[in-house]
Peer 1: 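What follows is a structure written as structure tokens; I'll ask about it next.
Proteins get letters first, then strands, A, B, ... in listed order; numbering begins at 1 in each.
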Amino acid sequence: MHYVLQYGQVTPFLSYFLGGALISLVLSGLAFCGGMFFGLVGALCRLHGGPVLSGLVRAYVVFFTNTPQLVQIYVIFYGLPDLGILFSPFAAVLLGMTLNAAAYLTEILRAGVTSVHRQELEAGETMGMNHLQLLRFIILPHIFRVLLPPLSSQYIMMVLGSSMAAVFGVEELTGRAFNVNSTTFRSIEVFTLVAGLYVLVTLGATILLALVARYGFRARVKVL
Amino acid sequence: MYLDIRGLAARYHELQVLDGIDLSISRGEIVSLIGPSGSGKSTLLRAVTGLLPPERGTVSIGGEEIDYKDRRSLRAARSRLAIVFQQYNLFGNMTVLQNAVVAPVKIRGRSRAEVEAEARDLLARVGLGDKLDAYPDQLSGGQQQRVAIVRALCLKPEILLLDEVTSALDPERVSEVLDTIRLLAAEHITMLIVSHEMSFVRDVSHRVAFMAEGRVLEIGPPEQIFDAPQVQRTRDFIDKISRK
Ligand SMILES: Nc1ncnc2c1ncn2[C@@H]1O[C@H](COP(=O)(O)OP(=O)(O)OP(=O)(O)O)[C@@H](O)[C@H]1O
Ligand SMILES: [Mg+2]
């Protein structure tokens, strides 16, 4: 075997790849935000929702954490149209990733919510805070501080997992790698370059999350 | 009477903790609540602030009865009260200064500059002028409790409720917090204090209430409660603690 690496053949596609990386970042970022929102709702339902609501959320979590994400998106993309519900590839993947993230984040956030000191909440309550204010001033900053590592790794898994969008024809980073590979046939160069870009994207995602935690939710976290 | 508690009852599930509490405090008065562990002292403060809604009885502040089922009434009452607990009062994600100003500014809508100036002034007076930007976990327990008291004062409460604010502290930290409360006493702030520090209670209170079995069994000036209790149950309790 004699293979000469020729990165020169793929570097002209760098900006095309970067565009794909941006789509990956946006896709996973939106899914993560949606997952955080529904995950928080799920966590609060599990903790304070009464037996019925809490049981439903639990069933949801069990279902989504015990089936492959790819299969979940298949159902959304290929199954739901039979019921007359059509999604673009991007929307189908976004929805699937959001629902999946919501399940994992429900469990992560539940642990975070229970670790808030009861006295802090009671102090807030007697100072006149309503439920939303307790969430904003006490619970969320606490969650983003103590849970930043698990939240970051969830986010990174989602950035990487977004590569399955290529299967449905979304031209994010992996999809674009397929495209370039099929015209240049420089597989090693294409996929090592793309792998390197994924490292940069996940690093960027981690920093982004820490910035949001710190400046959006006043959590005491270091950005780097 | 300024804070007027009548026939107050509250329970945790099956356990009837408060069983007809009568207690009245006049404006500027300092009343201390003593009694055996588990007698319901903390529960009384929690019931008054609505953290544990009472099942019977009434609480009124300045003649206005609190309707614990009505959010507006409860919020109005809470804006006149402030409570400091035994520990973990402070918001861990906020600095000392942020802790003190968050509620007055974000909840009550007062001007940040004005509240910050007050908070700085109060913090300086309790010896924490150089800790404005520290986080609670960077402070000693005694310092944290002083911040908690300052934070309560920044709410400009008409009545301050203190629940064993020194009991989680190392002995050498106790006096710094008690001194802070003495400072307030000198300003005639109405206070209901739960404390195990009997010499402090005797020193600072206008009246002392002895609580047991969910009721106030005896109330009177400190000299009466500590030196000449009228009720057998009080006498037993005072004997027991003074023997220690
Ligand atoms: N959250 C709770 N759930 C159930 N029971 C409780 C709860 N908090 C307190 N109790 C019970 O209520 C009773 C009164 O408790 P409370 O904390 O009011 O006593 P206390 O007089 O403050 O005692 P201490 O001096 O030890 O602080 C106790 O029997 C206690 O076990
Ligand atoms: Mg207590």
Peer 1: Report the distance from atom OG1 of Thr126(A) to atom CG of Asn89(B), rounding to the nearest 0.5 Å.
Peer 2: 8.5 Å
Peer 1: Measure Arg145(A) against the heavy atoms of chain B and call it side chain, backbone, both or neither at under 4.5 Å.
Peer 2: side chain
Peer 1: Output the distance between atom NE2 (His117(A)) and atom CG (Leu90(B)), rounded to the nearest 0.5 Å.
Peer 2: 11.5 Å
Peer 1: For Phe37(A), is the CZ atom crowded, meaning more than 12 foreign heavy atoms sit under 6.0 Å from it?
Peer 2: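 Counting other residues, nucleotides and ligands, CZ of Phe37(A) stays at 12 neighbours or fewer.
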Peer 1: Using 0.5 Å steps for rounding, measure from the CZ atom of Arg136(A) to the NZ atom of Lys106(B).
Peer 2: 5.0 Å
Peer 1: Which pair of heavy atoms, one from Val102(B) and one from Phe137(A), lies closest together, and at what distance?
Peer 2: CG2-CD2, 4.0 Å
Peer 1: Is it the side chain or the backbone of Phe85(B) that comes within 4.5 Å of chain A heavy atoms, both, or neither?
Peer 2: side chain
Peer 1: With side-chain contact (heavy atoms from CB on, under 4.5 Å) as the criterion, how do Glu122(A) and Arg46(B) come out once you've worked through the C-alpha distance, each side chain's angles and the decisive distance to 0.1 Å?
Peer 2: CA-CA 9 Å; Glu122(A) 289 183 343; Arg46(B) 294 170 60 81; 2.7 Å; yes
Peer 1: Could you tell me whether the side chain of Arg220(A) and the main chain of Gly92(B) form a donor-acceptor pair under 3.5 Å?
Peer 2: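 Checked: pair present.
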Peer 1: So for atom CZ, which belongs to Arg58(A), do other residues, nucleotides or ligands contribute more than 12 heavy atoms lying within a distance under 6.0 Å?
Peer 2: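 No.
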Peer 1: Need one label for Arg108(B): side chain, backbone, both or neither, based on atoms under 4.5 Å from any heavy atom in chain A.
Peer 2: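 Arg108(B) touches chain A through side-chain heavy atoms alone.
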Peer 1: Rounded to the nearest 0.5 Å, what's the gap from CZ on Arg78(B) to CE on Met129(A)? Could you check?
Peer 2: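 With rounding to 0.5 Å, CZ (Arg78(B)) is 12.0 Å from CE (Met129(A)).
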Peer 1: With a cut-off of 6.0 Å (strictly less than), are more than 12 heavy atoms of other residues, nucleotides or ligands near CD of Glu55(B)?
Peer 2: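 Enclosed: over 12 neighbouring heavy atoms sit under 6.0 Å from CD of Glu55(B).
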Peer 1: Which region of Gln133(A), side chain (C-beta onward) or backbone (N, CA, C, O), has a non-hydrogen atom less than 4.5 Å from a non-hydrogen atom of chain B, or is it both or neither?
Peer 2: side chain
Peer 1: A side-chain contact here means heavy atoms from C-beta on lying under 4.5 Å apart; do His142(A) and Phe91(B) qualify?
Peer 2: no
Peer 1: Of the backbone (N, CA, C, O) and the side chain (C-beta and beyond), which part of Gln98(B) lies under 4.5 Å from a heavy atom of chain A, both, or neither?
Peer 2: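 Side chain of Gln98(B) only, per the 4.5 Å heavy-atom cut-off to chain A.
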Peer 1: Given side chains that start at C-beta, do those of Ile107(B) and Met127(A) come closer than 4.5 Å, heavy atoms only?
Peer 2: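 The answer is no; the side chains never approach within 4.5 Å.
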